[in-house]
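Before any comments, here is the structure.
Below, read A as the first sequence line, B as the second, and so on, with proteins coming before strands; counting in each chain starts at 1. All values below come from the heavy atoms of this structure, side chains included, with hydrogens, waters and symmetry mates left out.
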2 protein chains.
Amino acid sequence: MPHSLLAIKQKCTGCNQLIQDKFLLKVADDLWHEDCLRCYKCTQPLSKSCYIKDHKLYCKEDYDKRFGRKCQGCNLGILPDEMVYRLHGSCYHINCLLCIVCSRQFKVGDKYYISDEGKPICKEDYDVAIMYFQLHHPNLKRPRTSITQQQLKMLNSVYRIKPRPSRITREMIATKVGLDLRVVQVWFQNKRAKDKRSITSAHSIITE
Amino acid sequence: MPHSLLAIKQKCTGCNQLIQDKFLLKVADDLWHEDCLRCYKCTQPLSKSCYIKDHKLYCKEDYDKRFGRKCQGCNLGILPDEMVYRLHGSCYHINCLLCIVCSRQFKVGDKYYISDEGKPICKEDYDVAIMYFQLHHPNLKRPRTSITQQQLKMLNSVYRIKPRPSRITREMIATKVGLDLRVVQVWFQNKRAKDKRSITSAHSIITE
DNA sequence: TACTAATGAGTAGTAATCAG
DNA sequence: CTGATTACTACTCATTAGTA
């Protein structure tokens, strides 16, 4: 059963501190310090008008963005109980959420990425774009194969006998341990280089 | 309705201490310190109205939430013997438990997360949101994952045998216990560090 | 407040690349 | 192929910060 009480103390809805100011500012049933009347998002003081949601104040711009009063696809308004997609802080009519590359309409569960302009791209187009990018900037990312202990053992045992295996031997090794031929080749190159390095550095210690 | 009374020795229903204040606050047969008139749940002072249950006071919001009088989805009342979902301290009509992003209706067994506002988000939307967020704030911190006892048991048992598991082992563990690969890696790193710390500190006690 | 998940700087080892 | 270099992976150590 609700009971109404006398107003005992009054706290500011913004900072939750007691209001000692001469005047209380009342905004739609909530009380505020004059100084606390700021947009919850951008913290700009709210001088002319403000929007309220969940006891929080917003400037028009941030309110529209956050609570989706304007579709970022067609730039038209969104009615209060219209269904929307929320995406990266923007709202879209269900029918206005399109991939900016292929214009296909997104459905729930579709994977997507966000362009530099904050607009959605479907995963397929994104992947193609990445592939294309890597084709044209081939040395930006270099996937590194990690060679397991198993494979290393095999490679090492061959290396001890034959540090410079022929193409045919390399092919055998490659299929046997399940590595790319090129990877095997590079491994032997690097291994020889490392060996040489350790030998020369050992030598320099002795001679110094 | 509150009544002010003359000061006689009376105990506060909230803190059970003697009331020495000039005025006693009486709320439905119980006496309270002015300062103790707070919501039992959120501890906010009760300025306008309060709800009572079992000699405890609640603000309207928490009362409705706690005693399930109001569906947190449609904001309408819940009849005493109506079926509800209970989620994170709130009640919902069976048909009112919707993902706040895609509005899809939850079914028993569906995975969900809870938004900052305490509302449910389906796992798919949550994952997409996280992906986005990380795409656009790549150097913001990853939220701290809490590792369950179950997972800890698994990790520890592996650690005893192999304190330095290979990438492949880590991958196996990660999928088995349902943790991110990186999280597993960090756990092993931290575990090794902790072990080392305890060993060296034990040593310093002996040698000192 | 203690424990510990996460971060960051610095380092080692080595797979991959490039020039010659 | 070699030699030099680049850059990916993983580690340690010290610190920061989230949570029971």
- Message: Rounded to whole Å, please give me the gap between CG in B:Asp180 and P in C:dT7.
- Response: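 Checked: the CG to P distance equals 10 Å.
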
- Separation of B:Gln149 atom CD from C:dC3 atom C1', in whole Å?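 Taking CD of B:Gln149 and C1' of C:dC3, I get 13 Å after rounding.
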
It should be established whether [X] places a side-chain nitrogen or oxygen under 4.0 Å from OP1 or OP2 of nucleotide [N].
{"X": "A:Lys194", "N": "C:dT14", "value": "yes"}
{"X": "B:Trp187", "N": "C:dT4", "value": "no"}
{"X": "B:Thr145", "N": "C:dA6", "value": "yes"}

- Query: Going by number, which of residues 158-173 of chain A have a non-hydrogen atom under 4.0 Å from DNA chain D?
  - Reply: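 Heavy-atom contacts with DNA chain D come from A:Arg164, A:Arg170.
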
- Message: Students often get this wrong, so: under 4.0 angstrom with heavy atoms, is B:Lys191 touching a base, only sugar-phosphate, or nothing?
- Response: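 It contacts nothing in the nucleic acid.
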
- Just by distance, do the side chain of A:Arg170 and the backbone of A:Leu181 share a donor-acceptor pair under 3.5 Å?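 Looks like no, no N/O pair under 3.5 Å.
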
- With distance as the sole test, does A:Gln151 use its side chain to make a donor-acceptor pair with the main-chain N or O of A:Val177 at under 3.5 Å?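 The answer is yes, because a donor-acceptor pair under 3.5 Å joins these two groups.
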
Listed pairs, N/O of protein and of nucleotides 3-5 of chain D, under 3.5 Å:
from  : atom 1 : to       : atom 2 : distance (Å)
D:dG3 : OP2    : A:Lys196 : NZ     : 3.0

- Message: For the helix from C:dT1-D:dA20 to C:dG20-D:dC1, what angle separates the axis at the start from the axis at the finish, each from five pairs, in steps of 10°?
- Response: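 Its terminal axes enclose an angle near 30°.
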
- Could you pick out which residue, B:Phe188 or B:Ser146, lies toward the 5' side of DNA chain D when each is mapped onto its nearest nucleotide?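 Of the two residues, B:Phe188 wins.
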
- Message: Tell me which one of A:Ile147, A:Leu179, A:Thr145, A:Ile173 satisfies side chain to side chain contact (heavy atoms under 4.5 Å, CB included) with A:Trp187.
- Response: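 Running side chain to side chain contact (heavy atoms under 4.5 Å, CB included) over A:Ile147, A:Leu179, A:Thr145, A:Ile173 with A:Trp187 returns exactly one hit, A:Ile147.
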
